[in-house]
Amino acid sequence: MKTSWRSASLVASAAAVLVLTTACGQDKADTSTGSQNVGAAPAANGYGSAGAAASPSTGANTGAGAGAQTQSAGQLAVADTDKLGEVVTDSAGMTLYRFDKDTAEPPKSNCDGDCATAWPPVPASGATAPIGIDKTLLGEVTRTDGTKQLTYEGWPLYRFAKDTKAGDTKGQGVGGTWYATAPDGKKAAGGGEAAAGGSAEAADLPGLSTRNDPELGEVVVDKNGMTVYRFEKDVPWPMKSNCVGECLEKWPVVAPVDAADTKGIDNKNDGRRGYVVNNRPDGLKQQSIDCWPLYTFAGDKKPGDTNGQGVGGTWYAISPEGKPLGKPK
């Protein structure tokens, strides 16, 4: 009986592998843009979604200069901004950011390589707490290269290479994963309506869910409440993204989201069409629905924005079944 059970198990496993390798039309031998189970881990540095708006060519010597990017933060400060409310800065007034793909308990940085070039880690040495802020909020974490990075309420801190002067907050919301740090260690919510609850509500959303748009109907949104789009120049079968290079600066990819971390999304994988991850030739991992790769739009600034709708006659908000919403017939 044991032998019979083992044989049946192996047959079932082989069948499952065959289903996964043919999902979305990807041939088993095709390693350029394959697909895999959603449970597979994203790229180690999380650069796919987070750094898309800051290309790898954006070196740490951009703007404030390499020296400024790697200097100690000195005595941190709390700056009151019009758009984001209070944010934590270094002693030179440069905004300090946190990354959603990092963890605070325990502290861990998942931004390495090109990601760390666009988002230079803040060294732990020489940093002191802002006036009036509990110094126990400060800590440090050892990065994969052995260096010590400053943490704030457990979250590793970064500068943004495209911030060139004190008060810049160009990194806010990049890729839907980078946010200025608030004095309590949480993500800066923003001023006005956002501070009144918009961003706070978005922070409680699953990785992918839906909202009811008054014009488009049921629209897929990411964990920050930002509208998710599909690109009509992409190919669902075999799955291929045709948004590459500079296109990704405006249309960051949606990183893999576990099927369990969704609500109202068609996340079944039947081996042909389904909810799978696109392994792009550029090394990024991108979530798809019904084999259509998913993106957000850099021009959307707050939850509920649909500024990407209809752009170029090729970009449309996507339905939970993978259909283009509002596309002319």
Side-chain angles (χ1 to χ4, degrees), residues 42-56 58-60 62-64 69 73 79 81 83-90 94-104 107-122 141 143 149-164 167-190 194 198-200 202-203 205 207 221-226 228 248-257 284-286 295-303 305:
N45 60 11
Y47 188 68
S49 176
S55 67
T58 304
T62 301
Q69 297 290 357
T81 67
K83 294 183 179 180
L84 304 180
E86 291 187 336
V87 300
V88 177
T89 73
D90 65 13
M94 303 302 291
T95 303
L96 301 182
Y97 298 88
R98 46 171 280 181
F99 183 31
D100 277 357
K101 294 184 184 295
D102 288 349
T103 59
K108 184 179 186 300
S109 168
N110 288 308
C111 178
D112 296 298
D114 288 337
C115 175
T117 300
W119 302 90
V122 177
V141 63
R143 297 176 52 77
Q149 181 176 0
L150 182 65
T151 63
Y152 193 89
E153 189 68 345
W155 289 96
L157 293 182
Y158 307 81
R159 298 180 176 100
F160 184 42
K162 289 189 176 181
D163 284 351
T164 59
D168 278 355
T169 56
K170 297 175 183 176
Q172 177 70 8
V174 167
T177 52
W178 290 92
Y179 295 91
T181 305
D184 60 0
K186 299 184 184 301
K187 293 183 277 190
S199 293
L205 293 174
V221 298
D222 69 7
K223 64 182 177 181
N224 298 300
M226 305 304 288
V228 173
L248 294 176
E249 295 186 11
K250 291 184 178 180
W251 302 92
V253 304
V254 173
V257 178
L284 307 183
K285 295 181 183 293
Q286 182 176 20
Y295 309 81
T296 53
F297 181 45
D300 287 346
K301 301 303 182 184
K302 64 182 185 302
D305 280 355

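Pro303 and Met226 make their closest contact through N-SD, 3.6 Å (heavy atoms, listed as atom of the first residue, atom of the second, distance). Looking at every heavy atom in both residues, Lys101 comes nearest to Asn110 through O-ND2, 2.6 Å. Nearest heavy atoms, Pro107 versus Gly154: CB-O, 3.3 Å. Of all non-hydrogen atoms in Leu84 and Ala188, the two that sit nearest each other are O-CB, 4.0 Å. In this structure, Asp222 and Val228 approach most closely via the heavy-atom pair N-CG2, 3.7 Å. Contact between Glu86 and Pro183 at its shortest, heavy atoms only, is O-CD, 3.4 Å.
Heavy-atom neighbours of Lys186 NZ from other residues, nucleotides or ligands within 6.0 Å: at or below the threshold of 12.
At a threshold of 4.5 Å between non-hydrogen side-chain atoms, the residues Lys187 and Asp100 count as touching. Taking the side chain as every heavy atom from C-beta outward, Val122 and Leu96 approach each other to under 4.5 Å.
Here the NZ atom belonging to Lys162 is positioned 8.5 Å from the NZ atom belonging to Lys170, to the nearest 0.5 angstrom. We find the OG1-CG distance between Thr296 and Asn224 to be 9.0 Å, quoted to the nearest 0.5 Å.
In this structure Asp168 satisfies the side chain to side chain donor-acceptor pair (under 3.5 Å) test together with Thr164, Lys165, sequence neighbours excluded. With sequence neighbours excluded, the residues that form a side chain to side chain contact (heavy atoms under 4.5 Å, CB included) with Ala182 are Asp184. Every residue two or more places apart in sequence or in another chain that forms a side chain to side chain donor-acceptor pair (under 3.5 Å) with Tyr97 is listed here: Asp163. Taking the side chain to side chain contact (heavy atoms under 4.5 Å, CB included) definition, one finds that Asp305 meets it with Asp300, Lys301, Lys302, Asn307, sequence neighbours left out. Shown here are the ring-ring contact (aromatic ring centres under 6.0 Å, His included) partners of Tyr152, two or more places apart in sequence or in another chain: there are none. Every residue was checked against the salt bridge (Lys or Arg N to Asp or Glu O under 4.0 Å) condition with Asp102, not counting sequence neighbours, and none meets it.
Of the possible donor and acceptor atoms, one in the side chain of Thr81 sits under 3.5 Å from a partner among the backbone N and O of Gly85.
Screening Tyr158, Tyr179, Trp178 for a ring pair (Phe, Tyr, Trp, His ring centres under 6.0 Å) involving Trp119 leaves a single residue, Trp178.
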Could you go step by step and tell me if Gln172 and Thr95 meet the side-chain contact (heavy atoms from CB on, under 4.5 Å) rule?
-> CA-CA 9 Å; Gln172 177 70 8; Thr95 303; over 6 Å; no

